[in-house]
2 protein chains.
Amino acid sequence: MHGATHHLTALERAEALCQTRGVQLTPLRRDVLRLVLEAEAPIGAYALLDQLKASRPKAAPPTVYRALDFLLEQGLIHRLERLNAFMGCTEALEGHDHDHDHAHDHPHQFLICRGCGATREISDHAVEAAIAAAAARGGFSAPRATVEIEGLCAKCGAAKP
Amino acid sequence: MHGATHHLTALERAEALCQTRGVQLTPLRRDVLRLVLEAEAPIGAYALLDQLKASRPKAAPPTVYRALDFLLEQGLIHRLERLNAFMGCTEALEGHDHDHDHAHDHPHQFLICRGCGATREISDHAVEAAIAAAAARGGFSAPRATVEIEGLCAKCGAAKP
DNA sequence: GTGGCATTGTTATCTTATAACACTCACGAC
DNA sequence: GTCGTGAGTGTTATAAGATAACAATGCCAC
């Protein structure tokens with residue numbers, strides 16, 4: 001029940017979201033988004049570039065970085081700072097039926113497995129609240145937090161504990 | 001009550017910590033640590049290299065990266081993933097009288113001001129607990145979290161709200 | 001004094017990211 | 001119609017961050 005169907009759905013959601021916002025999900029941007037979604041783990045810009053070159057021999061670093069910038073601005077993908085890599089935004093693309101304008105900048109955290117590299121996006125309100133409180137206590141306003149939690153996922157933890 | 005005295009104290013603490021552990025805070029490593037501590041905000045490896053060259057013309061990228069690796073291993077500095085930059089570890093160097101072995105890997109978070117760049121390390125137990133709970137709920141074990149909170153500090157928030 | 005180990009020096013290279021400028025194409029103003 | 005404007009993309013070059021690989025030094029144990 002995953003695989004191609006899953007990705008088509010996500011791409012269709014992305015398309016709809018962009019139409020609503022009056023921005024263009026061009027073929028290039030769509031291709032980059034598709035490649036990000038097809039990757040099993042967060043993928044780096046140059047790995048993406050290599051794959052993109054299969055269908056677009058003319059692609060160069062700015063090609064992929066500009067597409068990634070667009071997708072980031074639209075909240076369709078996230079950047080993982082620890083990995084210098086990108087992954088699809090679960091919230092925006094797997095439709096938990098939130099307000100779509102919210103997808104631009106929603107609180108989120110990542111669970112990164114140091115065994116297999118698989119990464120999940122979560123949206124934990126307790127974490128978010130604790131961070132907001134800590135920021136306020138420190139006199140900080142308008143906080144936006146990068147939260148990347150590295151550990152062993154259930155599968156890898158069972159394999160080699 | 002800050003300034004030179006503050007930094008000397010921190011360097012002395014670092015020295016003592018390394019002696020206890022049987023590792024060497026060599027002159028080079030000490031210089032790099034001093035430069036990191038003297039910076040007003042997190043500082044990048046190449047900015048550090050430029051400054052280091054004033055006293056050590058022979059310095060090259062590996063010079064500074066190896067020193068930084070050592071300081072990171074000893075928990076004397078932290079790396080800020082969003083900034084590709086380094087800052088001193090408040091916990092290890094400003095002595096809140098914890099168990100010193102704990103300084104190797106203590107839970108911590110950062111408050112980064114997007115106005116002035118000033119960054120503070122905090123150690124918020126509620127944030128840590130919420131993250132541990134979220135990781136456990138996701139089936140993740142042995143979590144270590146990168147938490148970098150960007151916002152406006154009290155000074156910058158007042159200046160341009 | 002020599003063998004091993006930690007540290008530093010040295011050169012080259014790799015990865016990640018952006019600057020700067022040219023070209024195309026769609027669209028509206030006139 | 002054609003002229004300009006702006007978004008998107010192509011193209012070349014370079015900046016910024018990080019590491020690989022090997023050589024040289026210095027110190028201590030034996």
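Letters go in sequence order (proteins before strands), and every chain restarts at 1.
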Does B/Arg79 make a side-chain N or O approach to OP1 or OP2 of D/dA18 shorter than 4.0 Å? yes
Pairwise 5' ranking along DNA chain D for B/Pro62 and A/Ala59, keeping only the more 5' one: A/Ala59
Quick check: on DNA chain C, is the nucleotide nearest B/Pro61 upstream (toward 5') of the one nearest A/Ala45, or the reverse? Name the residue that is more 5'. B/Pro61
Check the distance between C/dT7's P and B/Gln74's CD and give it to me in whole angstrom. 10 Å
Taking 5.5 Å and 30° as the limits, would you call A/Tyr46 and the base of C/dT16 a stacked pair? yes
From CG of B/Leu68 over to C1' of D/dA16, roughly how many Å is that when rounded to an integer? 15 Å
Main-chain N/O of A/Gln24 paired to A/Arg29 side chain as donor or acceptor, under 3.5 Å: yes
Please check this pair: side chain of A/Arg21 against backbone of A/Gln74, looking for a donor-acceptor N/O pair closer than 3.5 Å. yes
Can you tell me how far P of C/dT15 sits from CZ of A/Phe86, to the nearest Å? 16 Å
Expressed as a whole number of angstroms, how long is the span from B/Arg56:CZ to C/dT8:C1'? 9 Å
If only side-chain N and O atoms of A/Tyr65 are considered, is one of them under 4.0 Å from the OP1 or OP2 phosphate oxygen of C/dA17? yes
Closest-nucleotide mapping onto DNA chain C: is A/Ala47 or A/Arg66 further toward the 5' terminus? I mean the 5' end. A/Ala47
Quick check: do B/Phe70 and B/Leu25 have side-chain heavy atoms less than 4.5 Å from each other? yes
Over how many whole Å does the gap from B/Asn84 atom CG to C/dT18 atom C1' extend? 14 Å
Starting at atom NZ of B/Lys53, determine the distance to atom C1' of C/dT10, rounded to an integer number of angstrom. 13 Å
Using a cut-off of strictly less than 4.0 Å, decide whether B/Gln24 has a side-chain nitrogen or oxygen near OP1 or OP2 of C/dT7. yes
Donor-acceptor pair, B/Glu148 side chain versus B/Arg82 backbone, under 3.5 Å? yes
Can you identify which nucleotide, out of D/dT9, D/dA18, C/dA17, has its nearest atom closest to the A/Leu28 side chain? D/dT9
Side chain of A/Thr26, heavy atoms from C-beta onward: which of D/dT11, C/dT16, D/dT9 has the nearest atom to it? D/dT9
Interatomic distance where CG belongs to B/Asp69 and C1' belongs to D/dT19 [whole Å]: 10 Å
Distance check needed: C/dT24 P versus A/Lys58 NZ, whole Å only. 11 Å
Considering only heavy side-chain atoms of A/Arg29, the closest of D/dT11, D/dG17, D/dG8 is D/dG8
With B/Glu121 as reference, evaluate B/Gln109, B/His108, B/His106 under the side-chain hydrogen bond (donor to acceptor under 3.5 Å, both in side chains) test and give the passing residue. B/His106
